[in-house]
**Student:** 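One structure is given below, represented as structure tokens, and several questions about it will come after.
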Protein chains: 2
Amino acid sequence: MDKGLPQPGLCNCLAIRKAARHVTQYYDSHLAPTGLRTTQFSILARLKRLGPRTINELAADLVLDRTTLGRNLGPLERDGLVAVGVDPRDRRSRVLDVTEAGAERLTEARRRWTDAQRGFDEAFGGPQAAALRQTLAVLVNTDLGAAEPPGQ
Amino acid sequence: MDKGLPQPGLCNCLAIRKAARHVTQYYDSHLAPTGLRTTQFSILARLKRLGPRTINELAADLVLDRTTLGRNLGPLERDGLVAVGVDPRDRRSRVLDVTEAGAERLTEARRRWTDAQRGFDEAFGGPQAAALRQTLAVLVNTDLGAAEPPGQ
DNA sequence: GGATAATAGGTGCATATACGCCTAATGCAA
DNA sequence: TTGCATTAGGCGTATATGCACCTATTATCC
């Protein structure tokens, strides 16, 4: 009877990806009126909080691949929400900063985000949500390593 | 002192998305030798377990948008791992099924997946992982609703 | 049975994600 | 100071994700 086959619900990766899609669609529906996606909101919010940062620094904070963040900056820079400059102390680096327009957009988006958070807490439970965030924070800081190359 | 500004780590959406990226990269590194991404592996594994299903049915199971699954089928169909046919009882529907080549690829990928699961449990803790999966299953089945339209 | 509503997917568009390879700039050592 | 390793990003490519809008097909109601 399917001995050895993985049972539904046993895959850590599928479990978290399904949940991420579920939650993302919910937050996106709240943020939609602002014209920001959740990823864009995250970038703006973290950058605003951290202050000017390089691509590598911000990418690490967001657990984003460096090149992914680089591309995600495209729409934000195009719309004048994030400024990208060259670090004078290291001209290899790009310094990112939230523009005034970006800050205004962020303020508006934070209102929607607060609504989403409240709705989430009501549906899922505030304490459960806090516990889940804590667990996920531990997970993100857990070094899972990578697959060993198939060397002999 | 930043009163009212969301503190880092308070956003449910960012927390789960960061964790999803972290875990996805880990599982992808294990599955890479098979030529399958985690999403493709999920599709094959679920379809194999559920048996032939329509796009809508499989998409709901995977918490994927219908159109997203439709596009994700492209590479799988191109590589002959999934067969897409028309349901004779309802010619609007497409019936998906794992091909023989798909089943073989899946068997190979399951070995890598098992390694990844073992590594995950070792690093994060087996009981903690099981508890997290359970929590995420509850979350996925929690109706978060959607933002109310800005009606009058 | 024919008009109409509802459903299953497809397509255009835009963003999200990351690997591999490349160039530019910096750091370091002989 | 020059030569090489290291580091910061960019770019090509491919897949992932979902909304708005569209067609085809089926169900329903008079």
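Just so it is clear: chains get the letters A, B, ... in the order the sequence lines come, proteins before strands, and each one is counted from 1. Basis for what follows: all heavy atoms, side chains included, without hydrogens, waters or symmetry-related copies.
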**Student:** Please check the phosphate of C/dT15 (OP1 and OP2 only) for any side-chain N or O of A/Asn72 closer than 4.0 Å.
**Tutor:**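 A/Asn72 to C/dT15 OP1/OP2: no side-chain N or O under 4.0 Å.
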**Student:** Would you say a side-chain N or O of A/Thr54 is under 4.0 Å from OP1 or OP2 of D/dG9?
**Tutor:**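 Affirmative; the distance criterion is met.
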**Student:** So, OP1 or OP2 of D/dG18: does either fall under 4.0 Å of a side-chain N or O from A/Gln25?
**Tutor:**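 Answer is yes, contact under 4.0 Å.
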**Student:** Phosphate oxygens OP1/OP2 of C/dT17: is one of them under 4.0 Å from a side-chain N or O of B/Arg21?
**Tutor:**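 Yes, because at least one side-chain N or O of B/Arg21 sits under 4.0 Å from OP1 or OP2 of C/dT17.
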**Student:** OP1 or OP2 of C/dG9 sitting under 4.0 Å from any side-chain N/O of B/Asn56?
**Tutor:** yes
**Student:** Judged by each residue's nearest nucleotide on DNA chain C, which is more toward the 5′ side, A/Arg89 or A/Leu64?
**Tutor:**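 Residue closer to the 5' terminus by nearest nucleotide: A/Leu64.
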**Student:** Between B/Val84 and A/Thr68, name the one whose nearest nucleotide on DNA chain C is closer to the 5' end.
**Tutor:**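 Mapping each residue to its closest nucleotide by heavy atoms, the 5'-most match is B/Val84.
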**Student:** For a quick check, tell me whether the side chain of B/Arg71 and the base of D/dG18 share a donor-acceptor pair closer than 3.5 Å.
**Tutor:** yes
**Student:** Round to a whole Å and report the spacing from CG of B/Leu96 to P of C/dA8.
**Tutor:**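 One finds 14 Å between P of C/dA8 and CG of B/Leu96, rounded.
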**Student:** Quiz question: going by heavy-atom distance under 3.5 Å, is there a donor-acceptor pair between the base of D/dT7 and the side chain of A/Arg92?
**Tutor:** yes
**Student:** Hey, does the side chain of A/Arg78 come within less than 4.0 Å of C/dT15's phosphate (OP1/OP2), counting only N and O?
**Tutor:** yes
**Student:** Tell me whether the side-chain N/O atoms of A/Arg37 come closer than 4.0 Å to OP1 or OP2 in D/dG18.
**Tutor:** no
**Student:** Any Lys/Arg nitrogen of B/Asp115 or B/Arg112 sitting under 4.0 Å from an Asp/Glu carboxylate oxygen of the other?
**Tutor:** no
**Student:** For a quick test of reading the model: is some side-chain N or O of A/Arg91 closer than 4.0 Å to OP1 or OP2 of C/dA24?
**Tutor:** no
**Student:** Please report, rounded to the nearest Å, how far the P atom of D/dT26 is from the CG atom of B/Asp87.
**Tutor:**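 Distance check: B/Asp87 CG to D/dT26 P gives 9 Å.
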**Student:** Taking only N and O in the side chain of B/Thr39, is any of them less than 4.0 Å away from OP1 or OP2 of D/dT17?
**Tutor:**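 Indeed, a polar side-chain atom of B/Thr39 lies that close.
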**Student:** Rounded to whole Å, how long is the line connecting atom CG of B/Leu58 with atom C1' of C/dA8?
**Tutor:** 14 Å
**Student:** Between B/Leu73 (CG) and C/dT11 (P), how many Å, whole number?
**Tutor:**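 Atom CG in B/Leu73 sits about 12 Å away from atom P in C/dT11.
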**Student:** Can you find a donor-acceptor pair, distance only, under 3.5 Å between A/Arg66 side chain and D/dG10 base?
**Tutor:**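 Indeed, a donor on one side and an acceptor on the other fall under 3.5 Å apart.
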**Student:** Just so I know, are the side chains of A/Val23 and A/Thr38 near enough to count as touching, which here means a heavy-atom distance under 4.5 Å?
**Tutor:** no
**Student:** With a 4.5 Å heavy-atom cut-off, do B/Thr135 and A/Thr135 have their side chains touching?
**Tutor:**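 Side chain of B/Thr135 against side chain of A/Thr135, heavy atoms only: no contact under 4.5 Å found.
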**Student:** For the pair made of CG in B/Asp65 and P in C/dG10, what is the distance, rounded to whole Å?
**Tutor:** 12 Å
**Student:** ring-ring contact (aromatic ring centres under 6.0 Å, His included) for A/His22 and A/Tyr26? Distances and angles first, verdict last.
**Tutor:** CA-CA 7 Å; A/His22 186 60; A/Tyr26 169 71; 8.2 Å; no
**Student:** Between A/Asp90 (CG) and D/dA8 (C1'), how many Å, whole number?
**Tutor:**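 That distance rounds to 7 Å.
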**Student:** Send over the distance from A/Leu31 CG to C/dA14 C1', rounded to a whole Å.
**Tutor:**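 Computing the A/Leu31:CG to C/dA14:C1' distance gives 17 Å.
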